[in-house]
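Encoded as structure tokens, the structure appears first; notes follow it.
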There are 2 protein chains.
Amino acid sequence: MSELEAKVLPEATVARLTQYLRALNALESRGMERTSSGVLAKEAGVNPAILRKDLSWLGSYGTRGVGYVVRELSEHINNTLGLNRDWRVLILGAGNLGRALSGYAGFTTRGFKVRAILDVSPDLVGTDVGNLHVESRSDLAEVVRREEINIAVLAVPGDAAQDLIYELGELGVNSVLSFAPKPLVVPRGMNLRRVDLSTELQILAYLAVQP
Amino acid sequence: MSELEAKVLPEATVARLTQYLRALNALESRGMERTSSGVLAKEAGVNPAILRKDLSWLGSYGTRGVGYVVRELSEHINNTLGLNRDWRVLILGAGNLGRALSGYAGFTTRGFKVRAILDVSPDLVGTDVGNLHVESRSDLAEVVRREEINIAVLAVPGDAAQDLIYELGELGVNSVLSFAPKPLVVPRGMNLRRVDLSTELQILAYLAVQP
DNA sequence: GTATGTGAAATCATTCACAGCT
DNA sequence: AGCTGTGAATGATTTCACATAC
């Protein structure tokens, strides 16, 4: 009711904004200074109408009859998504997936910094992963404080994930990306995104079976 | 128009069916033989009404006033999703992510078998990954034929992904799971799913910034 | 003339609520 | 009495189409 109430973008829009950002970067690195909804939509792999609708949530940043200034639009989306600050990421689980993620380029660009990696296994604690060394799961609280962690990535077996979620919640980390193959219940106020690799394969199997 | 036309499940339904399958397995391993939409929905983390609606696409497999037989329902979803056959998976890219995926449990259960892993780098070709050894990108066609690959997983840099898609299409592999941070255009008839790790982090950043 | 920004229409997905069967 | 299966209601998302601004 209040005019002051937060204007929240639809989730689908947020997901696409990240794609526009990537597309804008690609255009910029090709030396383009201006673009249009048609060009940008093609680059991002979406339809131009929805791109304009998405951008309209952010206000009017284009010029009718002309288009958009690449740098300006890119900057604006960046700010809207909160990518103009530092995000300090903790990876939980130093198995193959955890180690792969800690070095993954997308995880180390645009304000995201992997600051620590933890594991329960004494065999892994103390080993090196990139320029980090694996710390003990039991030091979770200390590590979160020391590194001022604000995003956690769960690369642990399903059984371990739920306990970690609660513990992270208590420690004030309320953005979590989980690779655990389990639905998880989250404390109030926590943001959870799940990536479920085996589900993706199963969906592909279904699609392949379709006539 | 025709009554013979394939009845296609909504994409969102397919995604949830994989979760029900996992939930049913969990119940079965706890010794439960029967269940209800309420119990199953709780276990899968969804609302009971949509669970029943999803299942209604498969026909009537429950008993009113009673519920579902765990084993029977599980079997039926399995068949619907095409998980009762063998899926032979090829991993493209033997970097950290490719190696992690090749050993990932979800990738090696329920009919999915990782049969080969390829890379362009001469440093990696010939090295071992689990019980496979890395073969050369240039042997793609031969490997696809030899191993009768029907699903490919792209764990390669964005620039390499598009060419691979076309080449896989020509070779008759038309189910692809891509981790490349790029929108890809697919040949007619190909099924592509994308997992975009940096997008997930960016969405979390936005959610964390919200009041 | 050209491309944006946006109501209105169309499509897709979820939730409600209850009739129907056991 | 209890739980499924499903139309009808609601809500979300996408597409259309055009008035508006340059």
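The structure presented is a predicted model; accordingly, all values stated were derived computationally and were not measured. In the text below, chain A, chain B and the rest are named by the order of the sequence lines, each starting its count at 1.
The nearest whole Å value for the distance from the CG atom in B/Leu9 to the C1' atom in C/dA13 is 14 Å. Between A/Leu17 atom CG and D/dT13 atom P there is a gap of 13 Å when expressed in whole angstrom units. The separation between B/Tyr61 atom OH and D/dT6 atom P is 13 Å, rounded to whole Å. One atom, CZ of B/Arg16, and another, P of C/dC12, lie 15 Å apart when rounded to the nearest Å. Between the CG atom of A/Asn47 and the C1' atom of C/dA10 there is a distance of 14 Å, rounded to whole Å. Between the C1' atom of C/dT2 and the CG atom of A/Leu40 lies a distance of 17 Å, rounded to the nearest Å. Summarising the geometry, the separation between CD on A/Glu11 and P on D/dT13 is reported as 8 Å, rounded to the nearest angstrom. Atom-to-atom, CG of B/Leu51 to C1' of D/dT6 comes out at 14 Å; the value is rounded to the nearest Å.
Side-chain proximity of B/Lys53 to C/dA13, D/dT6, C/dT4: nearest is D/dT6. Nearest nucleotide to the A/Ile50 side chain, out of C/dG7, D/dG7, D/dT14: D/dT14. The side chain of A/Ala49 lies closest to D/dC16 when the candidates are D/dT4, C/dT4, D/dC16. Comparing D/dG5, C/dG5, D/dT15 against the side chain of A/Ser60 picks out C/dG5 as the nearest. The side chain of B/Arg64 approaches C/dA19 more closely than any other nucleotide in the set C/dA19, C/dT15, C/dG7.
Atom OG of A/Ser74 sits about 14.0 Å away from atom OH of A/Tyr68, to the nearest 0.5 Å.
Across all strands shown, A/Pro48 has no heavy atoms under 4.0 Å from either base or sugar-phosphate atoms. Using a 4.0 Å heavy-atom cutoff across all strands shown, B/Arg34 reaches no nucleic acid atom at all.
Between D/dG5 and B/Tyr68, a contact under 4.0 Å exists linking OP1 or OP2 to a side-chain N or O. For C/dT4, one of the phosphate oxygens OP1 or OP2 lies less than 4.0 angstrom from a side-chain nitrogen or oxygen of A/Ser37.
Donor-acceptor pairing under 3.5 Å, judged by distance alone, is absent between the side chain of A/Arg52 and the base of C/dT4.
By the 4.0 Å N-to-carboxylate-O rule, A/Glu147 lies too far from A/Arg88 to be salt-bridged with it. Using a cutoff of 4.0 Å between basic side-chain nitrogens and carboxylate oxygens, A/Glu11 and A/Arg16 are not scored as salt-bridged.
Nearest-nucleotide mapping onto DNA chain D: of A/Ala12 and A/Val66, the residue sitting toward the 5' end is A/Ala12.
B/Arg22 places a side-chain N or O within donor-acceptor distance of the main-chain N or O of A/Pro181, the cut-off being under 3.5 Å.
Screening A/Val195, A/Leu90, A/Ile165 for a side chain to side chain contact (heavy atoms under 4.5 Å, CB included) involving A/Leu154 leaves a single residue, A/Ile165.
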